[in-house]
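Per chain, numbering begins at 1; letters A, B, ... match sequence-line order. If you're wondering where the values come from, they're calculated on a predicted model, not measured in any experiment.
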There are 2 protein chains.
Amino acid sequence: MRRREVRRPTIDDVARKAGVGKATVSAVLNGRSRHARISADTARRVMEAARELEYRPNQLARMLVRRKADILAVVFQRGYFFLSWSSFTAEVMRGVSSAAVELGYDLMLHTRDVTDRGEADVLTDGRIDGALLLRDAGDPLVPELLERGFPFVRFFSKGELPDEPFVDADNVGGGRLATAHLLDLGHRRIAFIRGSDGSTASNDRLAGYLCELESRGVEPDPRLVFPILSPQDVPERLPDLMRRPDRPTALFVWSDDVALACIPVLLDMGLRVPADVSIVGFDSLEVCNRSVPPLTSVRQPVFDMAREATRLLGRLIDGEEPAERRILFPLQLDVRGSTAPCPARTNPSLS
Amino acid sequence: MRRREVRRPTIDDVARKAGVGKATVSAVLNGRSRHARISADTARRVMEAARELEYRPNQLARMLVRRKADILAVVFQRGYFFLSWSSFTAEVMRGVSSAAVELGYDLMLHTRDVTDRGEADVLTDGRIDGALLLRDAGDPLVPELLERGFPFVRFFSKGELPDEPFVDADNVGGGRLATAHLLDLGHRRIAFIRGSDGSTASNDRLAGYLCELESRGVEPDPRLVFPILSPQDVPERLPDLMRRPDRPTALFVWSDDVALACIPVLLDMGLRVPADVSIVGFDSLEVCNRSVPPLTSVRQPVFDMAREATRLLGRLIDGEEPAERRILFPLQLDVRGSTAPCPARTNPSLS
DNA sequence: CCGATTTGCAGAAACGTTTCAGCAAAACCG
DNA sequence: CGGTTTTGCTGAAACGTTTCTGCAAATCGG
């Protein structure tokens, strides 16, 4: 596919052909001319020349001089992006791209394996106007970007630093909601399947779970807080929890993707859902309706949150001082088919 | 987050600080100096100055003058990317990014809603060195790019034009493999669930299915070729096929994602898998092992194919004339638990 | 020790755009 | 009609790199 060495026409070619200066061409093509007022006749000539030459401005040159790339980066936890892509991630990307289209941005995914130090460099090297960050708590990238004054918004995790813009859900409240639902159904041995240590979302949900248990006078059992980080790990890990003699009668799982992976594994162990074990997920993605049984889940407006985060980033890039740079979305519970009253006989803690 | 207006240090600043010309700085930092030979002492001074100033070259300027962006685009069928992201897509991206890292490329996803005409313009505007295309048959973008001499590789679809580089699997062979397996199990009423009309992959698998049926003397029934384009559509569409009195005893489904979505729906209809209905998927992704029952599927080396396509693209960008610019991967069948011998009594076409 | 070669570096051009400052000509005002 | 403002456009500077050309100084060969 030898690259055809026909030089693409430049703005000079258009200017020459139309018999005007290139400043005029630029003004005509960009419309927004503060200084230059263009006569209708000249504009027509320029347009015609551009059309005939099939002129398309070189975006790199534009970006360089305008100091604006019209590109946003989406930065996930290192390695996360392609390792454990999930329905959740897809929904995030849908929300981001929906807003990006409206604001006129393209999206970039950084895949190069860079050191922590290098990561901030890569983001601030001019090719990108701002970044959406889905990163763990205590990430060194965040203070680095903040210090450099590079526009970013953290989403689906809580901002930790003063002045750090973020969009998150009320995960503590969500944790309470799910736990309260299971308690109301009579469950007492409720396990919380948590995610990564660094995930503020998972940690907040855990906090809500503990808080609700205590406020209802149920003693939390630390052995019922059980980490499963990804759907892949479920077949191997979950049986460890469920084969205990005092196994839980309900699972509150930090993510829909993990919760959905639990169902076939439980079935395989001879445990029916929800007759023997109730499950509550988190996010309430569309797939929750398609599982058998449909998954009860705390609804997080993932699409809207991603959208809002992107718009906030847009405002920050434009140099606006948004009234609210820390946005918290409320949560609510979608009760579906995966939760049922606690089966009295199989619960050793009841008698 | 007012953008700190500290000007980033440029190559001039480094040159001044080190007391050398900027050509020297460039030579030192890039190493590969054909013309310039640098003394060890000068190199040290430059490095030191760069470190002290925390100098990071502006990539835009580099890209402009080098006429190289070190960025690859991944271009899916319009709208596909975020609408129906799936395990398959994730695997594709894993393969692409794996090769991209090795070759030193970043990845870009185009999300802006552009017209067909505009799409080629966006790709060739200088921000990107080459593109990986996952597009339907007869896509107007392809001849456009070919004519402009822009480097691209089509993957997971068959190249149609002369000289068009592509990486695909032997889908006809795969279709025969799956169909033969079901025929061997005694099935005669085998449905083929096909994807989009434009998908060469789905069409080739259909061709293989028809070919194998005929070569075994089984009359193909056109009513058993049934389109379901995405997992979301399964609950609504599949019952139409399976409620017929002469319903098929086996499904050969064009994609794992759709095949996996069929299992709960069939269960819901009271049909056991594989006792009542056998299912064969396509791709044999890792998730096939995690379903209940595990999904029999034609294995397509998605990761390797994506990787190979990316490497081919790399060579095309470098202006090499690769020996083979049309790569076809062979397929094989992974028999798992979702296929079983045909149940004689429930198949009206047998007697 | 003299011419030829190599070494080490600097200045300037180039990449293709946007934007700033300027400048004639035309239009306007009293 | 003389001065001010507006109109319509142009040339040059700027963006921050890489790379080409050139040129002294150092080294080498005999």
Side-chain angles (χ1 to χ4, degrees), chain A residues 5-47 49-50 53-70 121 124-129, chain B residues 5-47 49-50 53-70 121 124-129:
Chain A
E5 282 309 339
V6 268
R7 198 174 54 83
R8 282 176 68 119
T10 74
I11 198 171
D12 283 291
D13 300 322
V14 179
R16 226 179 340 265
K17 176 145 190 158
V20 299
K22 51 185 192 171
T24 309
V25 177
S26 179
V28 170
L29 263 35
N30 290 312
R32 40 148 175 254
S33 48
R34 268 191 14 86
H35 300 282
R37 279 164 280 246
I38 309 292
S39 74
D41 181 61
T42 308
R44 204 186 36 71
R45 280 214 319 285
V46 169
M47 297 291 253
L53 292 174
E54 298 194 314
Y55 170 69
R56 292 259 86 197
N58 180 309
Q59 291 300 323
L60 287 179
R62 284 195 88 216
M63 288 154 78
L64 180 60
V65 66
R66 291 180 54 219
R67 293 148 159 271
K68 186 104 183 342
D70 289 329
D121 286 335
T124 58
D125 68 11
R127 296 181 299 177
I128 278 179
D129 297 321
Chain B
E5 282 309 339
V6 269
R7 196 175 56 82
R8 280 176 69 119
T10 74
I11 199 171
D12 283 292
D13 299 322
V14 179
R16 228 181 336 268
K17 176 142 189 161
V20 299
K22 51 185 191 170
T24 309
V25 175
S26 178
V28 169
L29 263 36
N30 290 312
R32 41 148 176 254
S33 47
R34 267 190 18 83
H35 299 282
R37 279 163 279 243
I38 309 293
S39 73
D41 181 63
T42 308
R44 203 187 37 70
R45 281 214 319 285
V46 169
M47 298 290 256
L53 292 174
E54 298 193 317
Y55 169 69
R56 292 260 85 199
N58 180 311
Q59 292 301 322
L60 250 35
R62 284 195 88 216
M63 287 154 79
L64 180 61
V65 65
R66 291 180 54 221
R67 296 149 157 270
K68 186 101 184 343
D70 290 328
D121 286 336
T124 59
D125 68 10
R127 296 182 300 178
I128 278 179
D129 297 321

Chemist: As a test of reading the structure: which of C:dA13, D:dT7, C:dT17 is closest to the side chain of A:Arg37, going by heavy atoms?
Modeler: D:dT7

Chemist: Atom CZ of A:Arg66 to atom P of C:dT18: distance rounded to whole Å?
Modeler: 8 Å

Chemist: Counting distance only, does the side-chain N/O of B:Asp125 pair as donor-acceptor with the main-chain N or O of B:Arg127 below 3.5 Å?
Modeler: yes

Chemist: Distance check needed: D:dG16 P versus B:Leu53 CG, whole Å only.
Modeler: 14 Å

Chemist: Would you indicate, yes or no, if D:dC15 has its OP1 or OP2 atom less than 4.0 angstrom from a side-chain nitrogen or oxygen of B:Asn58?
Modeler: no

Chemist: Looking only at the side chain of B:Ala23 (C-beta and beyond, no hydrogens), which of the listed nucleotides D:dA12, D:dG8, C:dA12 gets closest?
Modeler: C:dA12

Chemist: State whether the distance check finds a donor on one side and an acceptor on the other, under 3.5 Å, for side chain B:Lys22 versus base D:dT17.
Modeler: yes

Chemist: Can you tell me how far P of D:dT17 sits from CD of B:Gln59, to the nearest Å?
Modeler: 9 Å

Chemist: What nucleotide, of C:dT17, C:dC9, C:dC15, holds the atom closest to the side chain of A:Asp12?
Modeler: C:dT17

Chemist: Flag the pair A:Asp41 / A:Arg44 as yes when at least one side-chain heavy-atom distance between them is below 4.5 Å, and no otherwise.
Modeler: yes

Chemist: Whole Å only: how far is the CG atom of A:Leu60 from the C1' atom of C:dG16?
Modeler: 9 Å

Chemist: C:dT19 P sits how many Å from A:Met63 CE, rounded?
Modeler: 15 Å

Chemist: Using a 4.0 Å heavy-atom cut-off across all strands, classify A:Ser39 as base, sugar-phosphate, or nothing.
Modeler: sugar-phosphate

Chemist: Strictly below 4.0 Å: does B:Ser26 bring a side-chain N or O up to OP1 or OP2 of D:dT18?
Modeler: yes

Chemist: Can you tell me the distance, in whole Å, between the CG atom of A:Leu64 and the P atom of D:dA14?
Modeler: 14 Å

Chemist: Would you mind telling me which residue lines up with the more 5' stretch of DNA chain C, B:Ala61 or B:Asp41, judged by nearest nucleotide?
Modeler: B:Asp41

Chemist: Any side-chain heavy-atom pair from A:Met63 and A:Lys68 closer than 4.5 angstrom?
Modeler: no

Chemist: Starting the side chain at C-beta, find the nucleotide from C:dT18, D:dT17, C:dG16 nearest to B:Arg67.
Modeler: C:dG16

Chemist: What is the separation between atom OH on A:Tyr55 and atom C1' on C:dG16, rounded to the nearest whole Å?
Modeler: 7 Å

Chemist: Just the rounded figure in Å: distance from P of C:dT17 to CZ of A:Arg56.
Modeler: 11 Å

Chemist: Is the backbone N or O of A:Ala18 less than 3.5 Å from a side-chain atom of A:Arg45, with the two atoms forming a donor-acceptor pair by type?
Modeler: yes

Chemist: Between B:Asn30 (side chain) and B:Ala27 (backbone), is there a donor-acceptor pair under 3.5 Å?
Modeler: no

Chemist: Please figure out whether A:Val20 or B:Thr24 has its closest DNA chain D nucleotide nearer the 5' end.
Modeler: A:Val20

